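Below is one structure, written out as structure tokens, with a few remarks after it.
Just so it is clear, the model here is predicted, and its values are computed rather than measured.
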Amino acid sequence: MSSEKKSFESMMLRLNEIVEKLEQNEGNLENSIELFEEGLELIKNCDGQLKHFEDKVGELMKAYNGSNE
């Protein structure tokens, strides 16, 4: 993956492309393994972003609830 941070949406689109390619089972084994490896990295990065988003929403809710008391 490039050094610049990709958006969650773009990573999910790429992950869907990878799944489709692997389901077609048209490439050679080496290519399939490379795609699988890329997919695992995308999953890891998406998971990290989701956790960050969840933390941010939690912080916003705390701030909102704190301002209403």
Tightest non-hydrogen contact, residues Leu35 and Ile18, listed as O-CG2, 3.5 Å
Heavy-atom pair with the smallest gap, counting every atom of Phe8 and Leu50: CE1-CG, 3.7 Å
Going from CG on Asn16 to NZ on Lys21, what distance comes out if it is rounded to the nearest 0.5 angstrom? 12.5 Å
Taking CZ in Phe36 as the centre, count heavy atoms belonging to other residues, nucleotides or ligands within less than 6.0 Å. Is the count above 12? no
List, by chain and then residue number, the residues other than Leu29 in its hydrophobic cluster (Ile/Leu/Val/Met/Phe/Trp/Tyr, side-chain heavy atoms under 4.5 Å); write none if there are no others. Ile33
Hey, does the side chain of Asn31 reach the backbone of Gly27 with a donor-acceptor pair shorter than 3.5 angstrom? no
Evaluate the side-chain proximity of Gln49 to Met11: yes if any heavy-atom separation is below 4.5 Å, no if none is. yes
Just checking Glu17: does its CD atom have more than 12 heavy atoms from other residues, nucleotides or ligands closer to it than 6.0 angstrom? yes
Can you tell if the side chain of Asp47 reaches within under 4.5 Å of the side chain of Lys51, non-hydrogen atoms only? yes
Taking a hydrophobic cluster as the set of Ile, Leu, Val, Met, Phe, Trp and Tyr residues connected by side-chain heavy atoms closer than 4.5 Å, whether directly or through intermediates, do Leu40 and Val19 fall within one such cluster? no
Do the side chain of Ser10 and the main chain of Lys6 share a donor and acceptor less than 3.5 angstrom apart? no
Side chain to side chain, Arg14 and Glu38, heavy atoms closer than 4.5 Å: yes
Those residues at least two apart in sequence (or on a different chain) that pass salt bridge (charged side-chain N to carboxylate O under 4.0 Å, His left out) with Asp55 are none
Rounded to the nearest 0.5 Å, the CE atom of Met12 sits from the CG atom of Asn45 at a distance of 12.5 Å
Count the heavy atoms of every other residue, nucleotide or ligand shown that sit under 6.0 Å from CD of Glu30, and state whether that count exceeds 12. no
